[in-house]
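Here the structure is laid out as structure tokens; the discussion comes afterwards.
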Amino acid sequence: MDKAYNSSQEGHIYDQWLESGAFTPVVPKNPKVAKIKDKPFSIILPLPNANDPMHMGHALFTIQDILVRYHRMLGQPTLWLPGGDHAGIETQFVFEKRLAKEGKSRFDFDRQTLYQMIWDFVEDNRKLNQFQMKKLGFSMDWTRYHYSLEPAIVDNVLATFKKLYHDGLVYRDEKIVNYCTRCGTAFSNLEVDHKTVDSHLWYIKYGPITVATTRPETMLGDTAIAVNPKDKRYKDLIGKTITLPLVNKEIPVIGEDSIDIEFGTGAVKVTPSHSPEDYDMAKKHNLEFVRIFDYDGKSNNNVPEKYRGFFPKQVRQMVVDDLTAAGLMEKIENYSHEVGHCYRCGNPIEPITAPQWYVKIAPLAKPAIEAAKTGQLKFFPNRFKKTYITWMENIRDWNISRQIVWGPRIPAWYCLDCNPDIKLNFLDKNKNIVSDFYRNTKNKYSFEEINNGLQSLVAPVGTDFTVEHLDNCSKCNSVNLIQETDTFDTWFLSGQWPLSTLGFNTADPSKSSPDFDYFYPTTIMDTLWDILFFWVARMTMFGLYLTGDVPFKTVHLHSKVTDAKGQKMSKSKGNVINPLDMTEKYGTDALRMSLVYGIAPASDFVVSEDKIRAQRNFVNKIWNASRFVEMLIDRLHEKNPDLKISELKSPLSKGDLEGFSQADKDILEKLNKIIISTTKNLESYHFGQASENLYQFFWHEFCDVYIENAKDRGEETIPILLTVLKASLKLLHPFIPFVTETVYQNLKEKFNFKKELLISSSWPINEN
RNA sequence: GAGUCUAUAGCUCAGUUGGUUAGAGCGCUUCGUUGACAUCGAAGAGGUCAGAGGUUCGAGUCCUCUUAGACUCACCA
């Protein structure tokens with residue numbers, strides 16, 4: 001044995017595990033029946049973005065590996081199912097940044113071409129991501145790996161959409177949406193970051209009424225003034241009209257109870273197309289909708305000519321200048337308030353009315369709330385149960401459509417000839433962008449030319465559609481049927497991940513795979529709590545909706561990785577520690593151990609190079625302790641070639657301790673305790689405590705006390721040394737699999753350990 | 001605006017259902033070893049467990065309030 005542990009052997013060890021089949025559980029012939037008897041243990045990996053290079057967040061999958069290795073050693077059929085996510089908007093955003101470097105944009109390509117380009121881009125990275133997870137020793141069943149854009153996965157997702165549609169849970173509507181003009185797509189509420197912005201409150205004179213607003217530029221789209229009916233100042237004006245400045249248009253004054261008399265002037269300008277509150281008021285009072293900013297973020301034909309074609313910021317300046325010049329700006333106050341920003345690119349969100357696809361969520365949320373309340377779905381730590389229920393109870397309908405190409409297209413087809421008001425954006429055969437209504441393009445371009453060059457379309461709400469691709473329109477028999485260009489919110493697909501990957505068949509559940517029967521519901525879902533709503537909540541709803549059962553029995557949530565100062569790792573802060581660099585430098589085991597050592601459940605993971613180095617020393621300590629035990633035994637063996645070398649028969653049974661010294665009894669008793677506490681800590685997700693106790697036991701009890709003591713003694717220590725060492729290797733294996741397996745392999749032949757891999761050996765059991 | 005979490009040694013953090021002298025890693029002091037160990041071992045210094053009050057035979061651990069941070073959610077102008 002070398003003087004120090006050499007972590008460069010890790011790859012070889014991993015291959016041994018892989019080849020042994022240890023990662024791949026066998027599903028019994030009759031899975032539904034066997035499930036009760038065998039007690040399978042299963043975890044679905046929170047699918048990493050396939051284009052994402054490894055970072056510390058991925059290294060936290062160590063938690064799952066610990067659980068999986070532990071349960072595998074308990075003898076349970078254990079599945080850890082890996083996967084990769086196409087990650088819709090995330091990936092398209094990254095890809096568009098690359099395009100920008102080449103001086104190109106998404107508008108230079110038709111959607112098919114763009115899709116293929118992104119596909120190729122992701123394929124390259126996908127393999128790298130898998131390689132990196134292997135490097136960290138994750139004992140995933142690669143034979144069951146799935147990628148989110150596999151045909152079978154996508155088919156299942158489309159089938160779910162159809163089922164939702166037929167159950168009356170899918171609808172189209174033109175409401176205010178969170179629209180990012182840079183990304184060119186709408187987002188769900190969850191994808192909006194609210195940031196405090198220092199701005200102003202502009203007081204603008206609208207004839208007899210002065211309004212206070214944070215967005216003067218949207219005044220061009222005002223269609224009413226709202227005041228509180230109890231407000232004496234304006235009471236008499238309700239029902240009358242006033243003239244909208246700059247636009248010179250008559251708009252009504254309406255009474256609205258929700259208006260705060262105390263705030264500003266007590267009068268609010270109402271812009272139904274660019275404010276969620278105003279939208280609601282407009283619906284209630286039947287006001288006109290005037291959308292002044294379009295999907296490209298610029299002002300459109302609905303504003304006076306001089307303001308057309310500008311971004312909101314520019315329009316704001318022009319409007320403020322003009323109002324000031326006209327003497328209509330009463331005053332400007334400093335004011336800070338919350339403004340929604342795109343979580344992806346950071347651009348301010350423009351609330352805009354746009355036709356989108358929605359899922360009626362209340363019927364899905366109800367059973368998901370029940371499951372949490374009844375304990376069918378458990379949370380660790382338990383406090384997240386409340387967070388989850390509160391969110392679920394206040395949930396709003398889910399906008400599932402995204403105006404991007406990277407993802408499965410919504411399976412809905414429109415007949416162009418029945419719906420000439422569909423707006424089409426496409427590249428003609430000369431690669432020129434055409435953007436017009438079908439009624440204007442139908443005589444100039446063939447359907448093929450439109451469809452081949454298609455970038456996007458906008459079908460007004462109410463447009464007839466089918467969720468099957470028919471050859472002819474059932475009404476007019478036209479063959480010009482065009483598919484919706486909106487794609488699904490990524491979470492619509494990943495929300496069905498446990499079902500899709502285990503082979504659940506939405507269209508015909510009776511045809512689901514044995515894997516589904518055996519492993520569903522999975523045992524634990526372990527993930528960062530920041531995707532509790534995005535992902536965990538959606539999976540629960542889909543799982544219950546489609547199968548009647550939760551997708552996992554327990555949600556284990558943990559926090560983020562921070563540096564030694566407790567700051568979140570980010571590129572901009574420059575405090576990122578690359579896990580792969582650390583594995584190169586200190587070995588994978590050291591990194592893994594440092595991630596869990598001394599970390600309280602659900603708190604931040606504090607990682608520093610110092611900590612990793614300390615754990616590297618521990619790994620080396622194990623190596624050397626083993627080396628020393630081997631040497632000690634060899635030495636005794638040389639003196640006495642007939643020496644019988646064996647472990648204790650029944651290591652922890654007290655009856656066998658007759659004739660042993662106090663030191664022997666002490667260490668065995670402590671071993672006994674550590675077996676009990678490690679088991680208990682693993683069962684209750686106290687990984688930090690478990691690893692810390694093992695560290696203390698191995699180093700400061702076994703090495704410092706027992707081995708030191710054994711130096712002065714003879715052959716009678718051999719059974720104890722071997723027993724404690726072997727049990728320690730097993731207990732430590734889930735945390736630091738490589739060194740323990742390596743040592744085990746070195747020792748097993750020499751000391752008649754069973755010829756097996758440590759990964760497949762059995763968990764030490766306390767027999768007291 | 002609603003909610004959640006955190007506050008323990010110089011630094012980063014453990015301390016699972018309340019129970020004997022409050023722990024680890026790194027750092028610091030002294031000594032030993034360098035023939036298992038990237039050194040390692042032995043001994044030690046260092047904490048009124050944010051503050052105040054309460055429950056209890058007993059509280060770092062439970063309750064209330066205060067202070068200071070962090071985070072999440074949220075259509076108010």
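Because the structure is predicted, anything quoted here is derived from the model rather than measured. Each chain gets a letter, A, B and so on, in the order its sequence line appears, and its residues count up from 1.
Between the side chain of A:N617 and the base of B:A38 there is no donor-acceptor pair of N/O atoms closer than 3.5 Å. Under 3.5 Å, the side chain of A:E338 and the base of B:A74 form at least one donor-acceptor pair of N or O atoms. One cannot find a donor-acceptor pair under 3.5 Å joining the base of B:A14 and the side-chain atoms of A:Q696.
Judged by distance alone, with hydrogens and angles left aside, the side-chain atoms of A:D222 form no donor-acceptor pair with the main-chain N or O of A:K269 at under 3.5 Å.
Within 4.0 Å of A:K621, counting heavy atoms only, lies at least one base atom of the nucleic acid. Residue A:D530 is classed as having no contact, given no heavy-atom separation below 4.0 Å to the nucleic acid. When heavy atoms are screened at a 4.0 angstrom cut-off, A:Y335 is found touching the sugar-phosphate backbone but no base atom. Residue contacts shown for A:N620 include a base, since a base heavy atom lies under 4.0 Å away.
On the P atoms, B:G60 is 11 Å away from B:U21, given to the nearest whole Å. With both ends at atom P, the span from B:C62 to B:A2 equals 25 Å, rounded to whole Å. Between B:G15 and B:A74, the two P atoms lie 31 Å apart (nearest whole Å). Nucleotides B:U17 and B:C40 have their P atoms positioned 34 Å apart, rounded to a whole Å. A distance of about 14 Å separates the P atoms of B:G23 and B:A43, rounded to the whole Å. B:A68 and B:A50 are spaced 8 Å apart, taking the C1' atom of each and rounding to whole Å. With both ends at atom C1', the span from B:U39 to B:U33 equals 10 Å, rounded to whole Å.
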Using Watson-Crick or G-U wobble pairs with both distances under 3.5 Å, give me RNA chain B in dot-bracket, 5' to 3', with [ ] for crossers and | for pairs to another strand. (((((((..((((.....[...)))).(((((.......))))).....(((((..]....))))))))))))....
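Between the C1' atom of B:U16 and the CG atom of A:N693 lies a distance of 11 Å, rounded to the nearest Å.
The environment of NZ in A:K205 is crowded: more than 12 heavy-atom neighbours from other residues, nucleotides or ligands sit within 6.0 Å. In this structure, A:K711 places its NZ atom where more than 12 heavy-atom neighbours from other residues, nucleotides or ligands lie under 6.0 Å away.
When ring centroids are compared, A:F289 and A:H274 stay outside the 6.0 Å threshold.
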Start with the C-alpha gap between A:N228 and A:D260, add the side-chain angles, then the distance that decides, and say whether side chain to side chain donor-acceptor pair (under 3.5 Å) holds. CA-CA 7 Å; A:N228 194 310; A:D260 183 352; over 6 Å; no
